[in-house]
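My questions will all concern the structure given below.
Heavy atoms only: backbone and side chains are in, while hydrogens, waters and symmetry mates are out.
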Amino acid sequence: MRAYGLGGALADYQEDHLISLELGGDPTDPRNLWPEPIKRALVVDQIENELNRKVCEGSLHLAEAQRRESQLKHEDG
């Protein structure tokens with residue numbers, strides 16, 4: 001959390017993947033792990049699920065879904 005300049009209680013965060021596992025994110029690479037505020041996790045999880053659904057149905061390329069997910073987390077989180 002220090003690396004991200006975050007304070008507060010550990011209980012306010014969960015370890016999350018910058019690129020979700022469903023979209024090919026590495027489960028253990030430290031560059032793909034970051035502390036996500038629990039309050040926004042449910043919202044972001046819904047967006048991740050929607051991106052995954054679109055990739056699986058073929059309406060969105062995997063690389064674009066990964067770009068969108070990364071952008072979401074860098075800009076909003």
Side-chain angles (χ1 to χ4, degrees):
M1 288 177 46
R2 281 189 293 262
Y4 289 91
L6 300 173
L10 289 177
D12 294 335
Y13 297 87
Q14 67 177 16
E15 184 176 67
D16 191 39
H17 298 94
L18 177 62
I19 302 299
S20 60
L21 302 180
E22 297 88 348
L23 294 177
D26 189 300
T28 59
D29 187 332
R31 296 170 297 175
N32 195 43
L33 299 172
W34 70 291
E36 180 178 42
I38 289 176
K39 290 183 179 181
R40 71 183 294 273
L42 290 176
V43 173
V44 171
D45 287 349
Q46 290 175 345
I47 295 169
E48 290 172 353
N49 291 338
E50 180 66 14
L51 291 170
N52 184 55
R53 183 186 64 75
K54 288 181 177 183
V55 168
C56 289
E57 73 183 17
S59 66
L60 184 65
H61 291 283
L62 177 60
E64 176 61 17
Q66 291 171 336
R67 186 196 66 75
R68 289 182 189 182
E69 185 174 25
S70 178
Q71 182 179 12
L72 167 72
K73 293 181 179 177
H74 279 102
E75 289 180 355
D76 298 329

Discussion item. Restricting to side chain to side chain contact (heavy atoms under 4.5 Å, CB included), what partner residues turn up for I38, sequence neighbours left out?
Written reply: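 With sequence neighbours excluded, I38 shows a side chain to side chain contact (heavy atoms under 4.5 Å, CB included) to Q14, given in chain and number order.
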
Response to the item:
Sequence neighbours excluded, the answer for salt bridge (charged side-chain N to carboxylate O under 4.0 Å, His left out) partners of D26 is none

Practice prompt. Apply side chain to side chain donor-acceptor pair (under 3.5 Å) to D45 and list each qualifying residue two or more places apart in sequence or on a separate chain.
Written response: none

Discussion item. Ignoring hydrogens, what is the shortest heavy-atom contact between L60 and A65? Give both atom names and the distance.
Written reply: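 Smallest heavy-atom distance, with atoms named: CD2-CB, 3.7 Å.
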
Per-pair distances, 0.1 Å, donor-acceptor, side chain in residues 1-13, under 3.5 Å, sequence neighbours excluded:
residue: Y4; atom: OH; partner: L33; partner atom: O; Å: 3.4
residue: Y13; atom: OH; partner: G7; partner atom: O; Å: 3.2

Worksheet item: Below 4.5 Å, heavy atoms only, C-beta onward: do H17 and D29 meet side chain to side chain?
Response: no

Item to complete: For E69, check side chain to side chain contact (heavy atoms under 4.5 Å, CB included) against everything at least two apart and list the hits.
Response: I19, S20, L23, E48, L51, K73

Worksheet entry | Partners meeting salt bridge (charged side-chain N to carboxylate O under 4.0 Å, His left out) with E64 (sequence neighbours left out) | R67, R68

Response to the item:
By side chain to side chain contact (heavy atoms under 4.5 Å, CB included), E57 pairs with (sequence neighbours left out) R53, K54, S59

Fill in: Nearest-0.5 Å distance, CG of residue N52 to CG of residue L62
9.5 Å

